[in-house]
Each structure stands twice: as structure tokens, then as C-alpha cells.
Amino acid sequence: MKCLRDWDRKLTGSMKKNVSIKKRIFQIIQIGQKSDFASCAFDLFIVSVIVTNLFITFFQTFDQSAKYKDILYPVEFATILIFLGEYILRIWTAEYLYPKETAVKAKLQFMLSFYGIVDLLTILPFFLPFLFPSGAVAFRMFRVVRIFHLFRLNSGYDAFNVITDVLKEKRQQLVSSVFLIGVLMMASSMCMYSIEHEAQPENFPNAFSGIWWSVSTLLTVGYGDIYPVTVFGKMMAIVIAFLGVGMVAIPTGIISAGFMDYYSKAKEGKMSVREEDIVTLAITGKHAFIGKRMEELRIPEGLYVAALMRGNKIYPPQDAFVVRKDDCLVLGATQGRKIPFQLQELLVTTEHPWVGGVLGELSEFRQGHIVMVKRDGRNVQPKESMRVKAGDIMVLLEYK
């Protein structure tokens with residue numbers, strides 16, 4: 001029995017060790033935090049591998065690359081092996097990326113996700129020509145997918161998230177502007193066909209033949225292969241060119257306004273909840289939220305995440321955001337009532353009458369109570385026997 005218990009203890013310890021190694025590998029291959037040197041180093045390494053692979057892909061299109069074939073092919077093969085290893089590791093650790101799913105479902109969910117498909121298409125174009133030589137040219141076209149590999153790194157950083165947030169927020173206005181451009185494009189094509197068909201039937205044989213001219217004119221490209229030759233056609237082209245400038249400016253203005261609105265809100269820290277309904281939750285130490293995405297957080301009923309504070313910046317919550325150590329979550333109440341008290345901080349100076357006194361004997365503060373003492377950069381739970389020191393910051397709960 002003792003041998004069996006020892007064997008069971010060793011097996012359990014080995015399983016825990018394997019799980020901890022697996023979780024650590026997951027943390028490393030995810031977007032690195034500044035405090036995690038190994039993860040940041042892995043990010044830099046993957047970026048250098050992607051850049052090297054893309055350089056080889058582009059350089060191989062030059063005739064001069066033929067004499068460097070003996071060097072380029074082994075380097076490209078090495079980068080593909082690195083991508084393959086990363087892909088396998090991401091499948092292996094997918095259960096930490098989707099903790100709510102079983103191990104098998106988590107792996108399948110990653111493989112069918114956008115980044116999982118991108119990782120697979122990054123690897124396949126290199127090996128498929130060996131299996132199907134007749135389709136080598138077609139498979140080579142899939143190499144362009146490798147550039148999407150960079151989005152995996154960029155998506156974890158706030159600059160990229162700002163772009164996606166603005167596009168999501170303004171998607172209805174953008175769709176409307178694109179619809180207007182499409183309508184104007186069809187109308188201008190029909191008008192130009194009606195005017196120019198008799199003068200140049202080879203360029204405007206039907207109503208749809210003017211689509212290319214409409215695109216190049218409305219989008220201010222002006223390719224010049226098709227152009228009006230009649231007086232009315234030229235007059236119509238002038239009007240459409242002016243309209244095209246305005247149409248292209250609409251989505252640009254929408255996106256610019258979205259960026260301005262986003263940064264103004266982030267700078268001012270505006271929230272959509274009342275001041276008395278806001279609480280902040282500091283993510284420190286070994287908090288259970290660290291490493292989890294927003295959509296995976298178990299927030300108490302009646303509360304929701306209103307914003308995420310990271311350093312000196314404030315960001316709106318996103319499902320894909322991963323909570324990091326030292327983040328601060330701003331929680332708002334979905335429903336609440338006016339509360340008859342408020343929190344304030346009081347700095348105890350050297351001349352303050354509380355200096356040297358005991359908290360339990362203070363009689364000057366009867367309209368509330370002391371909920372916390374900030375001393376030497378630490379938060380201290382107040383006790384009746386605690387003596388007040390100069391430099392203490394008292395967090396007071398005042399009754400209204």
C-alpha cells in the first residue's frame with residue numbers, strides 16, 4: 001500500500017508539473033507582457049522569423065535570387081519548421097485559450113478560428129507542391145497569407161484594438177457611405193452609356209461597360225483607358241468627378257471622427273454610468289482574472305465592466321482583451337439606487353490633531369468611519385489600537 005501511495009504521489013506530482021509546463025508554454029506563446037521577458041522575447045523572435053520568411057518570398061520573385069537558391073531554400077525551410085512548431089504548440093495549449101471548452105473542442109475551435117486557419121495556410125503552401133506538383137503555381141499564391149501572421153502579434157496591442165473598435169462602432173455609417181458610392185457608380189455608368197454609346201460603341205457597348213470608368217472616376221484614380229469624347233459626356237464626367245471627391249471623403253471623415261471621439265473619451269475618462277455606481281477592481285498578485293479574456297470573466301450579477309485601465313490609459317472593454325497583472329477594471333452597476341455616503345481621502349499632516357492618537361479613541365470623526373489607512377505605499381486595515389502617524393492617508397466613508 002505504501003508503494004502504491006508513493007507511486008500515486010509521484011504520478012500526481014508529475015501531472016501537476018506537466019500542467020504547469022503546459023500553462024507556462026501557453027503564456028510564452030501568447031502576446032507578451034513587459035514583465036514577462038520570455039514571452040516578449042518569443043514575440044520578437046516570431047516577428048523576425050515572419051519578416052525573414054516574407055523577405056525570402058518577395059526576393060524569390062527577382063531573377064537575381066537564382067544564384068542564392070542554396071541559401072534561401074534552407075532558411076525558408078527553417079522558418080516553416082518554426083511556424084509548424086508554433087502551430088502545434090498553440091493546438092496543444094488551446095484549452096487555456098478556451099477554458100470553458102473541453103480539451104478536444106478547444107483544439108478544434110482554435111484550428112477553425114481565423115488565426116488557426118492563417119497559421120495552417122502559412123505552412124501548407126510550402127509542403128503541398130511536393131504532394132501535388134501539378135498545382136505548384138496555385139499553391140504558391142497562398143504564400144500571401146503569411147503576411148496575415150503579423151496580425152496575431154498586432155491584435156494583442158492597444159493600437160490595433162483602437163482601429164478595430166472604431167471600425168465596429170462606425171460600421172453602420174461606413175456601410176451607408178459605401179452603399180451611396182455604389183448607387184452613384186451605377187447611375188453614372190448608365191448615364192455615360194446613354195451619352196457615349198453612339199460616339200464610341202466599342203468602349204460603351206452596354207450599361208455595365210461604364211462600371212470601370214465610374215470606378216476610376218469616382219475614386220479619383222483616373223486610369224484614362226476609357227474617357228468621354230462628346231461634349232455632354234465631358235460635362236457629365238466633370239460633375240461625376242466632383243461628386244466622387246465628396247463620396248470618397250465621406251468614409252474618411254467618418255473614420256477620422258471615430259478616432260477623435262475615441263481618444264477624447266479615453267483622455268477625459270468619460271463613462272456611461274453615474275459616479276456613485278462606479279467601483280474599481282485592481283488586478284494584483286495572483287488574481288484569478290489574470291490571463292483571462294474579458295468574455296471569460298465571472299463578474300457578480302448586477303455589475304459589468306465599464307472600462308479597463310492599463311497604466312495611464314483607459315480602454316473600452318472588448319471580449320478579446322486579456323487581463324494582465326496591474327490592470328484595473330472599472331465596474332459599473334446595471335441598476336442601483338442613490339447611496340447615502342461617499343468615500344474621501346484625508347492626508348494627516350504633522351500639525352494634524354490626529355497625529356499620535358489611537359483610531360479607536362478618535363472623537364473628531366463621527367459623521368462616518370475610517371475604512372482603510374494608506375501608509376508607506378501600502379493599504380493597511382484599520383484597527384482600534386492603531387496609532388496615527390504623520391503622512392498617513394485616511395480613507396473615510398462619510399454619511400450624507
Side-chain angles (χ1 to χ4, degrees), residues 18 21-34 36-98 103-104 106-161 163-164 320 322:
N18 290 335
I21 293 174
K22 189 175 184 179
K23 187 173 183 179
R24 180 56 184 152
I25 291 175
F26 169 76
Q27 294 171 347
I28 291 175
I29 64 178
Q30 293 302 305
I31 301 300
Q33 303 179 25
K34 292 181 180 179
D36 193 339
F37 175 79
S39 187
C40 291
F42 179 81
D43 290 346
L44 292 174
F45 172 71
I46 287 296
V47 168
S48 63
V49 173
I50 294 172
V51 172
T52 301
N53 188 277
L54 290 175
F55 171 78
I56 294 174
T57 301
F58 277 89
F59 186 65
Q60 284 177 340
T61 62
F62 291 84
D63 296 335
Q64 295 88 337
S65 64
K67 57 183 178 181
Y68 300 104
K69 185 177 180 180
D70 295 338
I71 300 175
L72 295 177
Y73 182 81
V75 174
E76 184 182 19
F77 182 70
T79 59
I80 294 298
L81 288 181
I82 293 172
F83 291 148
L84 178 61
E86 182 197 12
Y87 181 64
I88 294 173
L89 288 177
R90 291 190 183 279
I91 294 176
W92 183 49
T93 60
E95 59 196 79
Y96 294 103
L97 186 62
Y98 305 101
V104 175
K107 290 175 173 58
L108 290 174
Q109 190 166 345
F110 168 75
M111 294 173 67
L112 297 176
S113 66
F114 172 76
Y115 291 113
I117 294 173
V118 168
D119 288 349
L120 182 62
L121 293 180
T122 301
I123 302 165
L124 285 181
F126 185 86
F127 295 104
L128 287 178
F130 296 101
L131 301 176
F132 306 98
S134 59
V137 177
F139 295 140
R140 201 173 294 123
M141 294 175 60
F142 283 105
R143 293 185 177 185
V144 72
V145 179
R146 296 175 184 176
I147 200 168
F148 291 107
H149 209 81
L150 290 170
F151 283 108
R152 173 182 295 282
L153 299 175
N154 203 19
S155 63
Y157 294 98
D158 302 320
F160 184 76
N161 291 323
I163 297 173
T164 55
V322 177

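Along the sequence shown, residues are numbered consecutively beginning with 1.
- Between atom CD1 of residue Ile123 and atom OG1 of residue Thr79 there is a gap of 10.5 Å, rounded to the nearest 0.5 Å.
- A heavy-atom distance below 4.5 Å is found between the side chains of Phe83 and Ile80.
- Crowding of Phe59 atom CZ: a count of heavy atoms from other residues, nucleotides or ligands under 6.0 Å exceeding 12.
- Residue Asp119 holds its CG atom at 11.0 Å from CE of Met111, rounded to the nearest 0.5 Å.
- Side chains of Lys22 and Tyr96 form a contact here, defined as non-hydrogen atoms less than 4.5 Å apart.
- Residues Ile28 and Ser39 approach most closely at O-OG, 3.0 Å, considering heavy atoms.
- Taking 4.5 Å as the limit, some side-chain heavy atom of Tyr87 sits within range of a side-chain heavy atom of Phe110.
- Smallest separation of non-hydrogen atoms from Ile82 and Val49: CD1-CG2, 3.9 Å.
- Annotation for Ile29 and Arg90: closest pair O-NH2, 2.8 Å, computed over non-hydrogen atoms.
- Interatomic distance, CD of Gln27 versus CD1 of Ile25, reported as 10.5 Å (0.5 Å rounding).
- You'll find the side chain of Lys107 reaches within 4.5 Å of the side chain of Glu95, heavy atoms only.
- Nearest heavy-atom pair, Leu112 versus Ile117, reported as atom, atom and distance to 0.1 Å: O-CD1, 3.7 Å.
- In this structure, CD in Glu76 is found 14.0 Å from CD1 in Ile71, a value given to the nearest 0.5 Å.
- The two residues Ile56 and Leu72 make their nearest non-hydrogen contact at CD1-O, 3.9 Å.
- Leu120 contributes atom CG, which lies 10.5 Å from atom OG of Ser113 (distance to the nearest 0.5 angstrom).
- Closest approach of Gln64 to Lys67, counting heavy atoms only: O-CG, 3.3 Å.
- Rounded to the nearest 0.5 angstrom, Phe58 CZ and Asn53 CG are separated by 10.5 Å.
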